[in-house]
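Below is one structure, written out as structure tokens; comments come after it.
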Amino acid sequence: LLRWFDQRATDYPWRRTTDPYAILVSEIMLQQTTVGAVVRNRRFERFLETFPDIESLAEAPEPKLLRAWEGLGYYNRARNIQKAARAVLAEHGGKFPSDPGTLAALPGVGRYTAGAVASFAFDKAVPIVDANITRVLSRLFDYHERVDQTSAQSQLWGWAETLLSSRNPRAFNSALMELGQSHCSVRSPDCLQCPIHDFCRTPDPASLPRKSPRRKTVAV
């Protein structure tokens, strides 16, 4: 997987940095925005040009902050990044913590985002599980439990931790995500070209992962 990633990794701008602030911005920006939309419009680069560090972001008036976020939607994400920047200044002397538990205590930062910052900024051996990695692991282990259930989440995070390369966790986590975006995609998995095809247990990748059905809206 690491050899494949070394040869085929997509050159995203957030992969060119180990600055925890920049990585936090990218992770929160990508939570509900597609990679393509962020890359095409240089949203990530333009935001950092406006707010190059946590000090400039922490001090920014809200109208300027929301203008810089314009077009991305879900504006509370921008407010959460600013709250996190202020918390780093107030509680950590302006230095991002590397511990995922401490990172997770920052406003708007959950388990995944904390792990991503710890892994991508500090190369910590911390597992991460997003939608792409969920899809890869569900297919790899032919896992038929509904992945939005608590027990399933525990299993997926456990597998992610077991598989994680302690020698190069930053690249390994990035590789799993990249695999989910490319060969192990939602609608057209390219199993024949997949670098971990020989280890995959599912005979029907398109059927996984399974999720709980959405509740039907009933007019009364």
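Note that the coordinates shown come from a computational prediction; the quantities given were computed from them, not determined experimentally.
With sequence neighbours excluded, the residues satisfying side-chain hydrogen bond (donor to acceptor under 3.5 Å, both in side chains) with Thr102 are Asp99. Annotation: ring-ring contact (aromatic ring centres under 6.0 Å, His included) contacts of Tyr12 (sequence neighbours excluded): Trp14. Residues satisfying the side-chain contact (heavy atoms from CB on, under 4.5 Å) test with Lys64, not counting sequence neighbours, are Thr50, Phe51, Pro61, Arg67. Take Thr17 and apply the side-chain contact (heavy atoms from CB on, under 4.5 Å) test, not counting sequence neighbours, and it matches Asp19, Ala22, Ile23. For Asp11, the side-chain hydrogen bond (donor to acceptor under 3.5 Å, both in side chains) partners are Arg16, not counting sequence neighbours. Among residues two or more places apart in sequence or in another chain, the side-chain contact (heavy atoms from CB on, under 4.5 Å) test is passed with Ser212 by Arg146, Asp148, Gln149.
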Can you check side-chain contact (heavy atoms from CB on, under 4.5 Å) on Leu65 and Leu57, steps first, answer last? CA-CA 8 Å; Leu65 172 66; Leu57 179 61; 3.6 Å; yes

Dump the intermediate steps for side-chain contact (heavy atoms from CB on, under 4.5 Å) on Leu48 and Tyr21, then the final yes or no. CA-CA 10 Å; Leu48 291 182; Tyr21 165 63; 3.7 Å; yes

Between Phe5 and Thr10, does the side-chain contact (heavy atoms from CB on, under 4.5 Å) criterion hold? Intermediate values first, please. CA-CA 9 Å; Phe5 184 69; Thr10 305; over 6 Å; no

Pair Asp53, Ser56 - check side chain to side chain donor-acceptor pair (under 3.5 Å), show working. CA-CA 6 Å; Asp53 48 44; Ser56 58; 3.0 Å; yes

Determine whether Leu140 and Leu163 satisfy the following criterion, side-chain contact (heavy atoms from CB on, under 4.5 Å), listing intermediate values before the conclusion. CA-CA 11 Å; Leu140 182 65; Leu163 293 173; 4.0 Å; yes

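Heavy-atom neighbours of Tyr74 OH from other residues, nucleotides or ligands within 6.0 Å: at or below the threshold of 12.
With rounding to the nearest 0.5 Å, the separation of CZ in Arg139 from SG in Cys194 is 10.0 Å. Interatomic distance, Thr33 OG1 to Leu72 CG, rounded to the nearest 0.5 Å: 5.0 Å. Atom CD1 of residue Ile196 and atom SG of residue Cys184 lie 7.0 Å apart, to the nearest 0.5 angstrom. If you take CD1 on Ile54 and CZ on Phe96, they are separated by 5.5 Å, rounding to the nearest 0.5 Å.
Annotation: side chain of Cys191 is in contact with side chain of Pro205 (closest heavy-atom distance under 4.5 Å). Within the 4.5 Å cutoff, no side-chain heavy atoms of Lys95 are placed close to those of Val88. Annotation: side chain of Ser151 is not in contact with side chain of Glu145 (no heavy-atom distance under 4.5 Å).
No single ILVMFWY cluster, assembled from side-chain heavy atoms under 4.5 Å apart, contains both Leu176 and Leu208. In this structure, Val186 is not a member of the same hydrophobic cluster as Val35, with clusters built from ILVMFWY side-chain heavy atoms closer than 4.5 Å. Placement of Leu192 and Val136 in two distinct hydrophobic clusters is found when ILVMFWY residues are connected by side-chain heavy-atom separations under 4.5 Å, directly or transitively.
The minimum heavy-atom distance between Ala175 and Leu1, with the atom names listed, is CB-CG, 3.8 Å. Smallest separation of non-hydrogen atoms from Ala58 and Leu89: CB-CD1, 3.5 Å. Taking every heavy atom of both residues into account, Lys124 and Ser98 meet most closely at CE-OG, 3.6 Å. Nearest approach of Phe47 to Val25, heavy atoms of both residues: CD2-CG1, 3.7 Å. Between Pro209 and Ser138, the shortest heavy-atom contact is CB-OG, 3.4 Å. Shortest non-hydrogen contact noted between Leu24 and Ala84 is CD2-CB, 4.0 Å.
Using modelled atom types, one side-chain atom of Gln153 and one backbone atom of Val147 make a donor-acceptor pair closer than 3.5 Å. Here the side chain of Ser119 pairs no donor or acceptor atom with the backbone of Ala116 at under 3.5 angstrom. Side chain of Asp6 to main chain of Leu2: no donor-acceptor pair is present (N/O by atom type, distance under 3.5 Å, no hydrogens or angles). Checking side-chain atoms of Arg210 against main-chain N and O of His144 turns up a donor-acceptor pair under 3.5 Å.
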Side chains of residues 125-132: which donor-acceptor pairs under 3.5 Å do they make with residues two or more places apart or in other chains?
{"unit_1": "Asp130", "atom_1": "OD1", "unit_2": "Asn132", "atom_2": "N", "d": "3.2"}
{"unit_1": "Asp130", "atom_1": "OD1", "unit_2": "Ile133", "atom_2": "N", "d": "2.8"}
{"unit_1": "Asn132", "atom_1": "OD1", "unit_2": "Arg135", "atom_2": "NH2", "d": "2.6"}

Counting only pairs under 3.5 Å, give me each side-chain donor-acceptor contact of residues 105-113, with atom names and distances, residues two or more places apart or in other chains.
{"unit_1": "Tyr112", "atom_1": "OH", "unit_2": "Glu27", "atom_2": "OE1", "d": "2.8"}
{"unit_1": "Thr113", "atom_1": "OG1", "unit_2": "Gln31", "atom_2": "NE2", "d": "3.3"}

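Among pairs with a residue in residues 74-87, those fulfilling salt bridge (charged side-chain N to carboxylate O under 4.0 Å, His left out) read Glu62-Arg79, at least two apart in sequence or across chains. Within the structure, every pair that satisfies the ring-ring contact (aromatic ring centres under 6.0 Å, His included) test and touches residues 146-195, not counting sequence neighbours, is listed here: Trp4-His183, Phe141-Trp159, Tyr143-Trp159. Among residue pairs with one or both ends in residues 162-187, those qualifying as salt bridge (charged side-chain N to carboxylate O under 4.0 Å, His left out) are Arg15-Glu178; sequence neighbours excluded. Among residue pairs with one or both ends in residues 33-50, those qualifying as salt bridge (charged side-chain N to carboxylate O under 4.0 Å, His left out) are Arg42-Glu49; sequence neighbours excluded.
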